[in-house]
Trainee: 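To start, I am sharing the structure in question, which I have written as structure tokens.
Nothing here was measured: the structure is a model prediction, and the numbers come from that model.
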Amino acid sequence: MKQAVTIGQGASCPCVFLMGSGGDGVVTAGDLLARAVANAGLHCQMVKSFGPQIRGGESGVWLQISPQPIQGPAEQVQIAVVLSWRSFGPFARQLSLAPGALVFQDEQDAALAPPDLRDAGGQPVTPRSLPLQKLADELEAPRSRNILLVGFIAGLLQLPAALIPEVLQRKFGKRGAEVAATLIKAFHRGRELADAQARPAGLPALAPVEAEARLLLSGNDAASLGALHAGVEFFAGYPITPASEIMTAMAEHLPGRGGMMIQAEDEISAICMLLGASFGGKKALTSTSGPGLSLMVEALGFATQIELPCVIIDVQRGGPSTGMPTKTEQSDLQLAVYGAHGDAPRVVIAPENVRTCFDATVKAFYLAEKYQTPVIVLSDQQLGHREETLPATAFDEGHAFRTVIARRLPDVKPGEPYKRFALGDDPVSPMAIPGMEGGTYRTSGIIHDEAGNPTVSTDLHRRMSEKLQRKMTLILAEMPGYRLEGPAHADTLLLTWGSTAGAACDAAARRTAEGRPTAVLIVELLYPLPTEALREHVARYRHVAVAELTFSGQFLRWLRANGLALEQALAIHRGGGDPLTTSEILQRMREAWT
Amino acid sequence: MKQAVTIGQGASCPCVFLMGSGGDGVVTAGDLLARAVANAGLHCQMVKSFGPQIRGGESGVWLQISPQPIQGPAEQVQIAVVLSWRSFGPFARQLSLAPGALVFQDEQDAALAPPDLRDAGGQPVTPRSLPLQKLADELEAPRSRNILLVGFIAGLLQLPAALIPEVLQRKFGKRGAEVAATLIKAFHRGRELADAQARPAGLPALAPVEAEARLLLSGNDAASLGALHAGVEFFAGYPITPASEIMTAMAEHLPGRGGMMIQAEDEISAICMLLGASFGGKKALTSTSGPGLSLMVEALGFATQIELPCVIIDVQRGGPSTGMPTKTEQSDLQLAVYGAHGDAPRVVIAPENVRTCFDATVKAFYLAEKYQTPVIVLSDQQLGHREETLPATAFDEGHAFRTVIARRLPDVKPGEPYKRFALGDDPVSPMAIPGMEGGTYRTSGIIHDEAGNPTVSTDLHRRMSEKLQRKMTLILAEMPGYRLEGPAHADTLLLTWGSTAGAACDAAARRTAEGRPTAVLIVELLYPLPTEALREHVARYRHVAVAELTFSGQFLRWLRANGLALEQALAIHRGGGDPLTTSEILQRMREAWT
Amino acid sequence: MDVTPPAEVVERRINARQAYRSDLKPVWCPGCGDYSVLTALFAALAELQIPPHQIALISGIGCSSRLPGYAATYGLNTIHGRPIPVATGLKSARPDLTVIAMAGDGDALSIGGGHFPHAARRNIGMAYFVMDNNVYGLTKGQTSPTTPTGEQTATSLYGWPEDPANPLGLALAYGVSFVAQGVAGDVKGLARLMVEAIQWPGFAFIEILSPCVTWRGKEQYDVIRDRARPIPPEHDVTDLAAAFRYAHDPEHLYVGVHYRQRKPTFQERVTALQQKAAAKGAGNFDRYLAKFRA
Amino acid sequence: MDVTPPAEVVERRINARQAYRSDLKPVWCPGCGDYSVLTALFAALAELQIPPHQIALISGIGCSSRLPGYAATYGLNTIHGRPIPVATGLKSARPDLTVIAMAGDGDALSIGGGHFPHAARRNIGMAYFVMDNNVYGLTKGQTSPTTPTGEQTATSLYGWPEDPANPLGLALAYGVSFVAQGVAGDVKGLARLMVEAIQWPGFAFIEILSPCVTWRGKEQYDVIRDRARPIPPEHDVTDLAAAFRYAHDPEHLYVGVHYRQRKPTFQERVTALQQKAAAKGAGNFDRYLAKFRA
Ligand SMILES: Cc1ncc(C[n+]2csc(CCOP(=O)(O)OP(=O)(O)O)c2C)c(N)n1
Ligand SMILES: Cc1ncc(C[n+]2csc(CCOP(=O)(O)OP(=O)(O)O)c2C)c(N)n1
Ligand code: SF4
Ligand code: SF4
Ligand SMILES: [Mg+2]
Ligand SMILES: [Mg+2]
């Protein structure tokens, strides 16, 4: 049994920031700390940030720690360690120090500290020096500075001493016993450093928790797991930040189960390869980000038209154009729902946190196969890259969406005519796959008749359009497509989607605590939008706000396009890069409804 | 001076339909008739329709004739001539015969006539036989059957006999005097045939008009003229129906003025070539249709981001996917306004008839150059391919939009720093072009600073997004972006755009005549949408309808997305192919507001 | 070499070919070369006796790309320029099928030209038939990447200022493992090449000279006939540089197999790495999940 | 052959090179081959004495494509795979400029591979420098079209099952009129090739072997050095088939000019047809309008 943990007094959610330049190993340090925290039965959310360099550039890690599951992004930092002031620049604006926050530096770097460092309350902060490199050198392990740092933070947070050596052993054990022993020594030297420090003032007290097994993974990891669970058989893709991890996971896991990952020559080929595989009866996936999705537009319309299932995970990044590849935004929404010439409906769903990246992916395969339609999963850089602790049972039956189906095949008989696009009561017409005798059909992106042959009949144009549209109606009938959270007596509703949900829920909880009971409605099914249900909900509240991370208010515009007038709604949105924070949302609500 | 013309009694707008299979020459016949009509000082609209065959397939021509300018598409046909019943099939559904309409056939084809031909009133129609081929053979000009047909129709309509020989002479004169003479003979034999016929009952009487010079051209012709007037210097494109005629016109005319037309390897290259030429300071154009526009999405976002002018004429066709390449629809609207990952505003404008294809193109260049932005002109197959008579002065000063501007260059000095994307009061920052000393700059699709260098500053992301957005505000300030037509005391408003405007205006006029005064508001500027002005107008009417040719109501959804709730609006839209007709719109209004 | 077969053999063959015909009537212009390509394809499939439901024909957009609609197999007339990636996805997901991709010269070498080298590098086990008419047929006569320099077309009113591409040369540089040229005018010879291409283990390309009578005139048949020569029997089909020389011959169009060199197919290589991965236990959900235990 | 120049000449040269440097600091990894490419480019431009404002550098997306940001010329870091069409538009609209397109191996041969043959067919008067590191650098180490078969990368954990493309072979098949190979390790030699390419009347391609130390290791320098050989002086640079053989040499990477054959540039041909068109009076608005008089 593991030890219970107590950290300081005050806020429930300490946030630690570690920053260094290339080779300083702050990301490894963050990862070790996160694992230790997870093993202590606590929750943790870890966000990494890198400079434009591929190697040797600056990097920063935010670690939020709490006994409760964490929803929103980190806001203020209680403890910051900066290993390289020289490359601190890009983080200066991003880093918000809590009043009374402690900032540490390596004493060898002290001369470069910025002259005017202030906390959120405007108070000057004087960095405290630590002899990190010096101690590492003394250990004759000059590159163990980051492990010293881990010990130091673990000490400050009073994490149980036993947890980290265990993790170190697992992670570095294969480099030999000696290496591991040195690192464990470095860790303990770091802890001693912490003991020598004054305990940080406002550091929160974490109630002791029963330690239980935890997973630590990112949204891209969860999506990859979801795809495997859903029975993905084929992946074709083209590398792009921040989606490439899914491709790498597929490269690792598909061949082992008789499947295949093809690195396509571009995103147009990737989606076209999916359509080929899907025509052949296989469950097919790709992952991409904005620029790639832009290139898939033509083939997406084709997929809708010839009614082929396929799943596209779009891990959104800051736009427009090349935009901000390593930053987040929710601004591919419009392209996902509207990206086609002509009327080509498709399904668009969105996860709201790391865990639901799994659910959304499984659901995407389910909907794609059941309704013979392309499905886009709208994740984003924030979800895709941040790591979260989850219960070990997070993806088990009863906790996650796990329904897996096979494609519905027709009952064809050689000699009997087969109508691939039969216009019956059911808009989903069973699809033959090559190899089925009696199931041969030929079709095209041209408006076709029931058999699949081209036609110029405007009547068939209308009836086939209706067929496509009726599938959307059926989807709405089988799932709510949204989730409502918050007090029953709330008079305020925050409408949101995707990765903004976390901050929205935190903001609603705080607003409720302020005596303004606020609920949150998180839309999961973006296309087809559950408009009627949303309309009913919206009508029940005195105040309605719409929160999202886009410059132009794409989500609000999408709700409106679907017929939700929302004329009085408070629009909370701004240009991307950094996620919307709890305070930002809260502040806007306070200003609007005093 | 030319003779005045009188045709029958009744409706003001006779419609003639000619149909034949490949080689029958009905399109030539239609063209000759249209020119004769134009030379008689009348107005005419000619629509052609072809089967899927490239050659040898069926074709049909609708000719609407009127002393007044014609707005909406043809509805019922008064005179139909079918030269090949065998290939009549695809036209059967499209052809609506007016009560009492006359149908003619070549006597040699009579055996194949459909047994059950009926007019709109449900009355059976018996085709009358004409010895067309027989007479042509007698003239020893077996392929002159279509000229006989021209004579026959001219006779029925009592067009002045002198007009057509003149046109024949111009058109066929270069094949030798003998050929022309034979054709003129055939024409007169056709007229004699008409004299032998009973005058059609309901044929309208056209008041004599003062004959004046007329142009006969298509929307694609008018757009090409507009581009030349606007000073287009560079065109790159990829062939696609129904836009290719613009490309051919540019191939013909650009080299002669020192410019260039490049046939790109695909639409991605086409738009990228435009951006290269535009970066070099040249006015650049492409033309395409839905599938091509889909492929341009990524580069369009890039154009917005690096603020490069360029003009894209999208001649829409029936979608989705390959859809109906030779039919019309207005369903690229959503792709045009939303087609980008991230928030990438662009300008979208739409002509409403053949004439305004000129204006819209000139305006597109004006806006592109003035605001350093991509501009999409949304034409469609109907506008692009139909031919209309226009006054010879249609494109003259005072009649058309003719403002032409040059790009605003900065006042750079060698040695002084130049900020390509200066964030000043004016969101349009003067653009240096290669060759200007002191103007060198480097930029990318990445979020950039004022100089053009990449940045990860979320603050610059916001400010640059605002810069792009503020251009849109300026555009709205300088032009109304819509046109209102109809009685001042109207209590009903029809909102529409593009090629549906004609039928909407006709429908409004008829509804007004029925005692329900109805106005039409035609939106020309689709992005940025003049939302505030529209809101004010909409508020003034008791009834509001929105008419467009899309299955899903894209225009209505676009209006709503922009904040026009239009909750009570009557939505008039359907799947594409054939344009919305006056009667359809009228009928829907009658049903909704009895 | 060709001996006329007995009458009942001929009839049986004709019946076998009929089994591949769909009930859609071609809308090609009378005289179009693509009719012969379709006939040759039927003959080849009949000869190989592949059941229609084991075959998928994947085309792009163009007159030529209408072909799959006319065969009673599985068929997709996809989007312009994309038959190769669609066929790649299908063949690699379903190696049991006979997959034939086909395209026009514009589809294959202009908008879809970027996919060709990669199917070759991967050596995907499919046949690829390009019906080259030196023009954009469906869109009414614009230049294509194989239109000769100087020609007047709908998009080159003063003469085409570009050099034509050499499809055979491209295929050779791309590393295509089977490269041949056929002519629509010679249905029998073309069918024979098709039989070989369809059976070839790997990516097999046939450049088919298939006239467009509407935009290039009936003379295109004559031009091809005059320039066509059988590839000399002494040509070593494994000699890449020699094949490259034949491809660039300024005078003659060599008909027959230009290059044929067995190399591992995508499927063969992928099967090997699938075994490697399976041996490592990759692909197991629970093992993958375990990786994320903190 | 190289004689060390006097000190003041060296200094003048260095100053001249400085004039091409922008104030942006490269973010390439220490040791990246692209630094040398930049240095060579500065040297070549200084040698040619082209004023910076007469030059436009057009790249795609990738580590290599960051290069234009570091030069004080006009520059566009466009979108992934599209430097060729953007540069084509620019050069054909503004033949007075010196236009240099550049890209990585992924940008040039994968997503942008479809454009390369057409720039060659057109013989657009620009230089095209591909910095080939056999990997996707910017996106963190995935395979590229030139990654050797069997390699393990972020997207080929069990070994890459595809054959690599041969960039020089492609260029030759495409009809590129100037084809060369350079190595980042030899700045002087590379600069010399660049001078020739930039001056070349037509499309000039240099395949630059530019190591990625981060994803392919420092060893990539050694691998290249071991395999690199100067192209034999007796090689006839107008012999296409011979060049094709050098390009496909299984052992050596030949450095130098592989092929060089003057042919009409796009500009030359277009100028001719502009004159033809002008002579016909095409392009005049009023004449065009008159055509529509009924
Ligand atoms: C994205 C896109 N661009 C353009 C078109 C129009 N288009 C259809 S077929 C075709 C070219 C046809 O030429 P080719 O491939 O040589 O086939 P052919 O008709 O000559 O057999 C074009 C440009 C299209 N369908 N899609
Ligand atoms: C449409 C699109 N897809 C994917 C990407 C992601 N991406 C950026 S650079 C790159 C490849 C880089 O490799 P290479 O061209 O060889 O350049 P290098 O970094 O190696 O110099 C990719 C896939 C993108 N920017 N745009
Ligand atoms: S246009 Fe040409 S390619 Fe097309 S069907 Fe007719 S002859 Fe054949
Ligand atoms: S990742 Fe490779 S190509 Fe990119 S900068 Fe680093 S060494 Fe150069
Ligand atoms: Mg062709
Ligand atoms: Mg590379």
Trainee: Using 30° and 60° as the class limits, which term best fits the ring planes of D:W200 and D:F178: parallel, tilted or perpendicular?
Mentor: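 Rings of D:W200 and D:F178: tilted, 30 to 60°.
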Trainee: At a 4.5 Å cut-off on heavy atoms, which part of B:I306 comes close to chain D: side chain, backbone, both, or neither?
Mentor: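 Only the side chain of B:I306 comes within 4.5 Å of chain D.
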Trainee: So for D:R94, is it side chain, backbone, both, or neither that comes closer than 4.5 Å to the heavy atoms of chain B?
Mentor: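 The side chain, not the backbone.
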Trainee: Report the C-alpha distance between D:Y174 and D:R121 in whole Å, list the side-chain angles of each, state the deciding distance to 0.1 Å, and finish with yes or no for side-chain contact (heavy atoms from CB on, under 4.5 Å).
Mentor: CA-CA 7 Å; D:Y174 292 161; D:R121 284 198 303 104; over 6 Å; no
Trainee: Quick one: of D:A279, D:A277, D:A290, who has the most non-hydrogen atom pairs under 4.5 Å with chain B?
Mentor: D:A277
Trainee: I'd like a table of donor-acceptor pairs (distance under 3.5 Å, sequence neighbours excluded) in which one partner is a side-chain atom from residues 36-47 of chain D, with atom names and distances.
Mentor:
from: D:S36; atom 1: OG; to: D:A184; atom 2: O; distance (Å): 3.4
from: D:T39; atom 1: OG1; to: D:Y35; atom 2: O; distance (Å): 2.9

Trainee: Under 4.5 Å heavy-atom distance to chain D, tell me which part of B:P414 shows up: side chain, backbone, both or neither.
Mentor: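 Contact with chain D is absent: no heavy atom of B:P414 under 4.5 Å.
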Trainee: So how far is it from B:M260 CE to B:K282 NZ, rounded to the nearest 0.5 Å?
Mentor: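 The distance works out to 9.5 Å.
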Trainee: Do you know which of D:T88, D:I61, D:I79, D:T271 has the most heavy-atom pairs under 4.5 Å to chain B?
Mentor: D:I79
Trainee: Measure D:H115 against the heavy atoms of chain B and call it side chain, backbone, both or neither at under 4.5 Å.
Mentor: both
Trainee: Say whether D:D107 and D:H80, considering side chains only, have a donor N or O and an acceptor N or O under 3.5 Å apart.
Mentor: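 D:H80 and D:D107 do have a side-chain donor-acceptor pair below 3.5 Å.
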Trainee: Check whether B:D221 gets within reach of chain D through its side chain, its backbone, both or neither, counting any heavy atom under 4.5 Å.
Mentor: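 For B:D221, backbone and side chain are both near chain D.
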Trainee: If you measure from OG1 on B:T361 to CG on B:L285, what distance do you get to the nearest 0.5 Å?
Mentor: 7.5 Å
Trainee: With a 3.5 Å cut-off and no angle check, do the side chains of B:R355 and B:H399 form a donor-acceptor pair?
Mentor: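 Side-chain D/A pair, B:R355 to B:H399: absent.
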Trainee: Using side-chain contact (heavy atoms from CB on, under 4.5 Å) as the criterion, list what pairs up with B:T455, not counting sequence neighbours.
Mentor: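 With sequence neighbours excluded, B:T455 shows a side-chain contact (heavy atoms from CB on, under 4.5 Å) to B:I447, B:S457, B:L460, given in chain and number order.
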Trainee: Please assess D:R122 against B:E265 for the test side-chain contact (heavy atoms from CB on, under 4.5 Å), listing each intermediate value before the final yes or no.
Mentor: CA-CA 11 Å; D:R122 295 181 185 119; B:E265 51 270 28; 3.0 Å; yes
Trainee: Is B:A299 close to chain D through its backbone or its side chain, or both, or neither, when contacts mean heavy atoms under 4.5 Å?
Mentor: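 B:A299 touches chain D through backbone and side-chain heavy atoms alike.
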Trainee: Would you kindly say whether D:Y136 and D:S110 are connected by a side-chain donor-acceptor distance under 3.5 Å?
Mentor: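 Note: D:Y136 and D:S110 side chains meet the donor-acceptor criterion.
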Trainee: Looking at D:T78, D:I58, D:I55, which has the largest count of heavy-atom pairs under 4.5 Å with chain B?
Mentor: D:T78
Trainee: Does a donor on one side chain sit under 3.5 Å from an acceptor on the other, for D:T265 and D:N123?
Mentor: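 No donor-acceptor contact under 3.5 Å links the two side chains.
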Trainee: Highest number of heavy-atom pairs under 4.5 Å with chain D: which of B:E437, B:R35, B:R257?
Mentor: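 Option with the greatest count: B:E437.
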Trainee: Count the heavy atoms belonging to other residues, nucleotides or ligands that lie under 6.0 Å from CZ of D:R293, then report whether that count exceeds 12.
Mentor: no
Trainee: Given heavy-atom pairs under 4.5 angstrom as the criterion, report whether the side chain, backbone, both or neither of B:L274 touches chain D.
Mentor: neither
Trainee: Examine whether an atom of D:S59 lies under 4.5 Å from a heavy atom of chain B, and if so say whether it belongs to the side chain, the backbone or both; otherwise answer neither.
Mentor: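 Neither; nothing under 4.5 Å.
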Trainee: With chain D as the partner, which of B:A284, B:S278, B:G435, B:A34 has the greatest number of non-hydrogen pairs under 4.5 Å?
Mentor: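 Highest number of pairs under 4.5 Å: B:G435.
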Trainee: Between B:T440 and D:H53, is any side-chain donor less than 3.5 angstrom from a side-chain acceptor?
Mentor: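 No, because no side-chain N or O of B:T440 sits under 3.5 Å from a partner of the opposite role on D:H53.
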Trainee: Tell me, for B:Y418 versus chain D, whether the close heavy atoms (under 4.5 Å) come from the side chain, the backbone, both or neither.
Mentor: neither
Trainee: Atom SG of B:C357 and atom CD of B:E388: how far apart are they, to the nearest 0.5 Å?
Mentor: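 Between B:C357 SG and B:E388 CD, I get 8.5 Å after rounding to 0.5 Å.
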Trainee: Looking only at the side chains, is there a donor atom on one of D:R82 and B:S269 sitting less than 3.5 Å from an acceptor on the other?
Mentor: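 Not at all, the side chains of D:R82 and B:S269 share no donor-acceptor pair under 3.5 Å.
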Trainee: To the closest 0.5 Å, what do you measure between CG (D:L138) and SG (D:C63)?
Mentor: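 One finds 4.5 Å between CG of D:L138 and SG of D:C63.
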Trainee: Count the heavy-atom pairs under 4.5 Å between each of B:A392, B:G445, B:G259, B:A222 and chain D, then report the option with the highest count.
Mentor: B:G259
Trainee: Quick check for you: among B:E252, B:H253, B:E298, which has the greatest number of heavy-atom pairs under 4.5 Å with chain D?
Mentor: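 Highest number of pairs under 4.5 Å: B:H253.
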Trainee: B:G258, B:A38, B:G452: which one forms the most heavy-atom pairs within less than 4.5 Å of chain D?
Mentor: B:G258
Trainee: Side chain, backbone, both or neither: which part of B:E233 has a heavy atom under 4.5 Å from chain D?
Mentor: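 Contact with chain D: none, neither part.
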Trainee: One thing to verify: whether B:E369 and B:K283 come together as a salt bridge, which I'm taking to mean a side-chain N less than 4.0 angstrom from a carboxylate O.
Mentor: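 A salt bridge is absent here (no side-chain N lies under 4.0 Å from a carboxylate O).
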Trainee: If you count heavy-atom pairs under 4.5 Å between each of B:L217, B:L225, B:V167 and chain D, which one has the most?
Mentor: B:L225
Trainee: Using non-hydrogen atoms and a 4.5 Å limit, figure out which bit of B:F302 sits close to chain D: side chain, backbone, both or neither.
Mentor: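 Interface part for B:F302: side chain.
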Trainee: Using 4.0 Å as the upper bound for N to carboxylate O, is an ion pair formed by B:D31 and B:K171?
Mentor: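 Yes.
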Trainee: By a 4.5 Å heavy-atom criterion (distance strictly below it), what part of B:L254 contacts chain D: side chain, backbone, both, or neither?
Mentor: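 B:L254 has no heavy atom closer than 4.5 Å to chain D.
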Trainee: So which bits of residues 65-74 of chain D come within less than 4.5 Å of chain B, counting non-hydrogen atoms only?
Mentor: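 Near chain B, by residue number: D:P68, D:G69, D:A71, D:A72, D:T73, D:Y74.
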Trainee: Considering only heavy atoms, give the residues of residues 96-103 of chain D separated from chain B by less than 4.5 Å, sorted numerically, with 'none' for an empty result.
Mentor: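 Expected list: D:L97.
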Trainee: For D:L76, is it the side chain, the backbone, both or neither that has a heavy atom under 4.5 Å from a heavy atom of chain B?
Mentor: both
Trainee: Where does B:T389 contact chain D at under 4.5 Å (heavy atoms): side chain, backbone, both or neither?
Mentor: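 B:T389 has no heavy atom closer than 4.5 Å to chain D.
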Trainee: Between D:D34 and D:S64, does any side-chain donor sit less than 3.5 Å from a side-chain acceptor?
Mentor: no
Trainee: What's the separation between atom CG in B:L295 and atom CD1 in B:I268, rounded to the nearest 0.5 Å?
Mentor: 5.0 Å
Trainee: Looking only at the side chains, is there a donor atom on one of D:Q142 and D:T139 sitting less than 3.5 Å from an acceptor on the other?
Mentor: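 Yes, because at least one side-chain N or O of D:Q142 sits under 3.5 Å from a partner of the opposite role on D:T139.
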Trainee: For chain B, which candidate among D:S92, D:G281, D:G112, D:A56 shows the most heavy-atom pairs at distances under 4.5 Å?
Mentor: D:S92
Trainee: For the atom pair CD1 (D:I124) and NE2 (D:H118), what is the distance rounded to the nearest 0.5 Å?
Mentor: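 Output value for this atom pair is 12.0 Å.
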Trainee: Sort B:R170 into side chain, backbone, both or neither according to what part of it lies under 4.5 angstrom from a heavy atom of chain D.
Mentor: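 The side chain, not the backbone.
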